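Here the structure comes first, spelled out in structure tokens, and everything after it is commentary.
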Amino acid sequence: MEKFGHRERFAGLAIYDTKDKLVAATPQLGSDLATPPLFVVHAMNSDEEGGTFLPLGGKERYLHVLPLHREERVAGALVIFYESAFIEERISLIWKNNFFRFLINALIISLTTLLLIRWSVTGPIDRMAQWLKNLRTKKENAPFSLPPGGILAPLTREVEHMAQSISAARASAEEEARLRREGESTWTAERLKEHIRNLLQDRPLFVISNREPYSHVLKGKKVEWLVPASGLVTALEPVLKACGGTWIAHGSGDADREVVDSRDKIRVPPEEPQYLLKRVWLTKEEETGYYYGFANEGLWPLCHITHTRPSFRFGDWEYYYAVNRKFAEATLQEIEGISEPLILIQDYHFALLPRMIKDARPDSRVALFWHIPWPNPESFSICPWQRELLHGMLGADLIGFHIQFHCNNFLETVDRALESRIDWEHFLVNRDGHTTLVKPFPISIAYPALPTRSTLARSPSPDKEGIFKELGIRGKYLGVGVDRIDYTKGITERFRAIERFLEKYPPYQGLFTFVELGAPSRTHIKAYHDLMGEVEGEVDRINWRFQTKEWKPIIFLKKHHSHEEIQPFYEAADLCLVTSLHDGMNLVAKEFVGAKEEEKGVLILSQFTGASRELKDALVVNPYDLEQVAEAIRQALEMSPEEQRARLQRMRETLKERNIYRWAADLTSGLAQIRLGKEA
Ligand code: G6P
């Protein structure tokens with residue numbers, strides 16, 4: 001007791017025995033503790049340690065009781081008294097300290113939150129607002145960007161898309177206005193839209209093709225979309241974008257089913273929907289028989305004179321018929337309830353479709369556009385089903401080819417194979433009381449290209465040096481080729497001509513590189529599979545012959561390239577080689593000319609393409625004549641800038657006059673004239 005008695009904040013100690021007698025106590029406790037408080041008596045009785053607050057000697061105290069034992073029985077209790085004012089003091093101190101701590105924490109958190117909001121929300125919003133304002137007042141053209149992954153990323157993306165759409169619409173309106181000022185000769189998206197509106201009186205337009213304009217594919221677990229490599233798609237997409245409507249096509253992407261609605265439709269382009277894509281599903285057997293078999297092993301080599309023998313199998317023909325029927329059903333479903341619908345059927349996959357549709361809906365206006373050449377009657381006559389094909393095609397009100405020569409071949413084929421009356425003056429075929437007009441409509445591209453969201457979002461193209469650097473070579477002159485790897489494109493002939501050029505003109509070794517952007521195509525067909533091996537073999541052989549440590553004559557980039565990826569090559573190339581052995585039109589030639597804004601570069605173009613009839617300022621060559629193509633390469637690389645400019649200017653003028661909008665307008669006008677009974 002003496003030892004503890006003077007401890008700070010202790011009020012004292014006391015010991016009681018079980019007879020409630022005070023055995024000992026520290027002096028500060030005073031006399032009123034002679035008998036133990038009731039709490040102490042209870043603790044001894046129950047033999048339980050415990051504590052409580054009690055008013056003692058006029059003060060609030062805390063007392064803690066510890067029962068004491070002798071021979072395992074309670075013999076008394078030790079009672080420790082504390083000043084309770086001290087405890088309250090401590091509690092209030094703790095409260096006070098905590099309060100300040102809390103206040104500081106709250107302050108820090110608030111400040112940090114404010115800074116964070118400023119940095120990641122209001123700051124970007126301010127910048128976005130300023131950027132939008134600049135855009136509105138035309139002070140800004142650059143794409144808007146914020147660090148990726150921020151909480152505003154989804155909003156940024158949307159704003160970015162919206163702003164690009166606005167810019168594209170504004171640029172397009174300005175361009176439309178400019179073209180209108182320059183005269184009515186140029187067809188534009190806007191003008192076509194008006195034209196189609198007048199023609200259709202708000203009825204929708206229907207386009208049918210095998211190849212779809214967008215296919216959705218799985219990349220790992222993500223669904224992505226791509227634009228397939230197809231001249232047909234390149235040409236028709238701007239038309240649908242301008243006029244709206246429904247495009248019915250085979251859904252061939254492995255994720256296509258995942259993104260369509262219950263009627264197998266999806267609005268496209270995916271980034272800025274403007275028209276409907278309806279997908280038709282084919283079984284593997286149907287695809288094999290109709291697409292790979294009859295269309296691409298039969299009709300494709302039959303119509304192209306490339307000395308690849310066509311195969312005609314009865315099973316394939318049956319699938320061809322069945323798939324045409326399937327597309328007819330899908331189309332009939334779509335046009336139900338629409339009077340005099342306008343239907344544009346595309347290409348050799350659907351020769352039977354016009355008749356199937358017309359039989360069911362005689363009021364429909366049907367055009368069939370054949371995107372590939374039509375051979376002479378002797379060549380076509382080897383097809384065992386030539387009569388059925390011609391009969392199917394003549395169900396159309398209008399049949400279009402790229403050039404008059406193909407129209408003539410077609411009419412001669414009909415003349416020989418079918419009973420019909422042909423009006424050679426007006427290019428009309430009458431069979432069983434139905435008349436079909438056969439006319440050339442040279443297909444083209446959207447030119448002048450109006451800025452779109454994707455072109456606006458594109459960062460500046462790498463120049464020639466940048467391209468060489470990316471390819472890991474040194475060089476001075478760049479040539480480019482863009483193709484599906486198809487035996488009609490004369491790709492190996494092209495490479496051999498490059499070999500001949502380097503052989504004939506050795507100073508160009510180490511300086512001239514040709515880049516082939518080659519998209520694998522129809523690879524399940526043996527002829528295509530073999531061709532791929534042959535192309536790769538030729539690249540290897542020629543490179544092995546000439547290459548040095550830092551340079552290669554040919555670079556073969558074997559993959560599907562998007563338009564955005566191809567564009568820099570078109571822009572930077574000194575020359576483009578289009579060496580098709582036979583081609584309905586060839587839009588690569590037109591795209592190259594269209595991309596040459598700086599008017600530098602030369603197009604070398606096969607005389608066997610439809611495009612060579614229009615692009616007369618290209619260096620026109622026979623792709624089988626390697627000496628001539630090699631010479632054209634030299635001539636192109638040595639052509640003066642003035643001549644390059646003059647040639648490109650003339651070709652660009654042609655493109656402007658005969659663009660895809662004019663193609664669509666002419667085709668639809670042709671159909672309308674038939675409707676009014678003013679054939680041709
Ligand atoms: C040619 C045909 C098109 C076809 C394209 C691509 O241009 O005329 O109908 O879409 O080749 O071929 P693919 O078989 O891949 O559709």
Side-chain angles (χ1 to χ4, degrees), residues 207-215 217 226-237 239-240 247-253 256 277 279-280 282 286-304 306 308 316 320 323-324 327 344-351 353 368-375 399-403 406 441-445 482-491 517-525 527-529 531-532 559-563 566 578 580-591 606 608-611 660 663:
V207 167
I208 305 160
S209 75
N210 170 70
R211 188 55 69 201
E212 54 182 348
Y214 293 92
S215 67
V217 288
L226 55 86
V227 178
S230 156
L232 178 156
V233 169
T234 307
L236 280 163
E237 154 103 324
V239 177
L240 268 286
W247 187 329
I248 304 172
H250 169 212
S252 54
D256 274 357
L277 167 62
R279 287 174 169 153
V280 175
L282 299 182
E286 285 171 336
E287 193 181 1
T288 309
Y290 138 84
Y291 170 76
Y292 287 108
F294 196 77
N296 284 316
E297 279 194 278
L299 290 179
W300 179 268
L302 177 71
C303 291
H304 289 92
T306 59
T308 305
D316 290 350
Y320 186 81
V323 171
N324 271 251
F327 271 82
L344 308 181
I345 302 174
Q346 309 301 314
D347 235 351
Y348 60 100
H349 310 88
F350 296 120
L353 193 52
L368 169 66
F369 190 80
W370 201 260
H371 289 254
I372 61 177
W374 191 275
I399 298 179
F401 294 93
H402 293 297
I403 56 175
H406 298 153
F441 297 94
I443 211 162
S444 195
I445 57 166
V482 181
D483 309 86
R484 280 182 308 104
I485 304 301
D486 193 300
Y487 51 80
T488 59
K489 304 292 179 188
I491 299 169
L517 307 176
S521 172
R522 306 173 192 167
T523 44
H524 301 307
I525 297 174
Y528 286 81
H529 180 84
L531 175 70
M532 183 61 87
K559 77 165 189 114
H560 170 265
H561 292 82
S562 66
H563 287 305
I566 296 171
V578 176
S580 308
L581 306 181
H582 203 189
D583 218 328
M585 174 53 70
N586 194 292
L587 290 184
V588 167
K590 292 190 172 179
E591 283 185 326
S606 159
F608 305 122
T609 59
I660 188 61
W663 176 86

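On a predicted model such as this, the values are computed, not experimentally measured, just so you know. Both counts, for ligands and for their atoms, begin at 1 and track the order of listing. FYI, the numbering just counts along the sequence from 1.
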Could you find the nearest protein heavy atom to [atom] and give me its residue, atom name and distance?
{"atom": "atom 16 (O) of ligand 1", "value": "R211 NE, 2.8 Å"}
{"atom": "atom 9 (O) of ligand 1", "value": "D347 OD2, 2.4 Å"}
{"atom": "atom 6 (C) of ligand 1", "value": "R484 NE, 3.4 Å"}
{"atom": "atom 4 (C) of ligand 1", "value": "S230 OG, 3.7 Å"}
{"atom": "atom 7 (O) of ligand 1", "value": "G231 N, 4.0 Å"}

Task: Carboxylate-amine/guanidinium contact R211 D347, below 4.0 Å - done: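 Salt bridge: no.
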Task: For atom 12 (O) of ligand 1, the option (of H349, M585, Q346, R522) bearing the nearest heavy atom - done: R522
TODO: Decide yes or no for H349 and F327: does some side-chain heavy atom of the first lie under 4.5 Å from some side-chain heavy atom of the second?
DONE: no
Open item on the list: For a quick check under 3.5 Å, do Y290 and N324 share a side-chain donor-acceptor pair by atom type?
Closed with: no
Open item on the list: Evaluate R279 against D256 for side-chain contact (heavy atoms from CB on, under 4.5 Å), listing each step before the verdict.
Closed with: CA-CA 8 Å; R279 287 174 169 153; D256 274 357; 3.1 Å; yes
TODO: Determine yes or no for a side-chain-to-main-chain donor-acceptor pair under 3.5 angstrom, with H561 supplying the side chain and K559 the backbone.
DONE: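 Checked: pair present.
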TODO: Pick one of side chain, backbone, both or neither for how A229 approaches ligand 1, counting any non-hydrogen atom pair under 4.0 Å.
DONE: backbone
Task: Within the 6.0 Å centroid threshold, strictly below: F608 and H582 - done: no
- [ ] Would you please indicate if the ring centroids of H250 and Y291 are separated by under 6.0 Å?
- [x] no
Open item on the list: Taking the six-membered ring of W300 as reference, does the cationic atom of R522 (NZ for Lys, CZ for Arg) lie under 6.0 Å from its centre and within 45° of its axis?
Closed with: yes
Residue [X] vicinity, atoms of ligand 1 by number, heavy atom under 4.0 Å:
{"X": "I372", "answer": "8 (O)"}
{"X": "L232", "answer": "9 (O)"}
{"X": "Y291", "answer": "13 (P), 14 (O), 15 (O)"}
{"X": "H371", "answer": "8 (O)"}

